[in-house]
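Note sheet for the following structure.
When a ligand or atom number is given, it counts from 1 through the structure's own listing order.
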Amino acid sequence: MVNSAADQDESLRRPAGIHSVRLGDTKVSFVPDGAIQGRPSAWLPETTDEFWAAHPEYLDASGHLVASLGGLLVERGDRALLIDTGFGPHTLPADPGTPNGAMRGGALLDNLAALGRSPEQVEAVAFSHLHPDHLGWAAHPAQGGDRPVFAHAEYLVAEEEWARRALLEAEGTPKEAIAALAPHVRTVADGQEIFPGVQVRITGGHTPGHAEFIITGGGTRLIAFGDSMHSPIQVDHPEWSCVYDHDPARSAGHRRRLVAELEEPDTIGFGIHFADVVFGQVRRDGHGPAWRPLDTRDDAGDNR
Ligand SMILES: [Zn+2]
């Protein structure tokens with residue numbers, strides 16, 4: 001089912017709540033942690049102020065792009081995998097010197113509970129990449145101690161990403177966060193199955209070892225494409241790389257292939273930073289490929 005045009009407009013400028021999709025025996029849910037605002041022509045440097053003036057449907061009342069922060073819970077029977085862990089319990093004010101507006105995390109564990117899971121039940125945490133807005137709760141100690149929040153989880157990181165962690169630190173991932181992950185890290189390779197029906201695909205571009213996750217079940221394929229795209233406008237314009245892309249040309253090349261792939265039948269995309277349209281399909285309108293959000297709202301909890 002696809003939302004009405006009016007609903008879609010509103011959903012492009014608010015952060016995502018809980019959404020769930022069923023793929024056969026597998027349930028896949030977005031677990032919200034918070035939101036970040038981006039200055040549109042700073043986040044997507046190839047865009048102009050004129051472009052955004054013509055597309056106010058993407059901007060909040062303060063003129064920012066709205067991006068969700070969170071993780072993707074993959075459940076099959078009793079088993080649970082979490083892909084990315086949000087920003088964690090931190091708030092940053094808007095910093096006029098950076099491309100970012102305000103940034104806030106903190107809701108992920110409450111939303112995990114609303115979905116009926118405790119962090120102790122998560123058998124593994126997989127990371128799309130090692131930026132602070134994806135490893136937040138995994139690098140944060142559990143309340144009242146120094147044990148990790150995901151007490152029984154191993155941390156799955158692409159080999160290429162882990163090997164280049166010094167570069168990621170140099171670009172701003174806190175050393176302390178990498179050190180907190182280190183004892184739990186198991187590196188994974190391109191094509192590896194990390195959970196029943198979940199395969200890693202290393203794409204690079206955004207970071208040296210950026211990973212996507214292909215989740216299959218019930219005859220459908222879901223591509224959790226991490227930070228390959230930050231906004232659904234990049235489906236219309238895959239040539240536009242984000243200011244945070246490590247290799248913008250590689251990122252753009254991959255995005256073109258990804259958008260074409262998302263147009264294939266029985267394929268769903270998951271964009272972790274998309275506004276309240278995290279699950280969708282790519283369909284052609286009069287202007288070319290466009291993001292068509294799925295109506296996947298889950299009522300299990302107040303999540304914004
Ligand atoms: Zn990110």
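The 12-atom threshold is exceeded at CG of Asp285, counting heavy atoms of other residues, nucleotides or ligands nearer than 6.0 Å.
In this structure, Phe51 has its ring center closer than 6.0 angstrom to the ring center of Trp240.
A salt bridge (charged side-chain N to carboxylate O under 4.0 Å, His left out) with Arg255 is found for exactly one of Asp247, Asp227, Asp245, namely Asp245.
Taking Glu193 as the reference, nothing meets the side-chain hydrogen bond (donor to acceptor under 3.5 Å, both in side chains) condition, with sequence neighbours excluded.
Residues Phe270 and Ile215 fail the side-chain proximity criterion, which asks for heavy atoms closer than 4.5 Å. Residues Leu109 and Val149 form a side-chain contact, since some pair of their non-hydrogen atoms from C-beta on lies under 4.5 Å apart.
Only protein atoms were considered; those of element N, O or S under 2.8 Å from the Zn ion (ligand 1) number 4.
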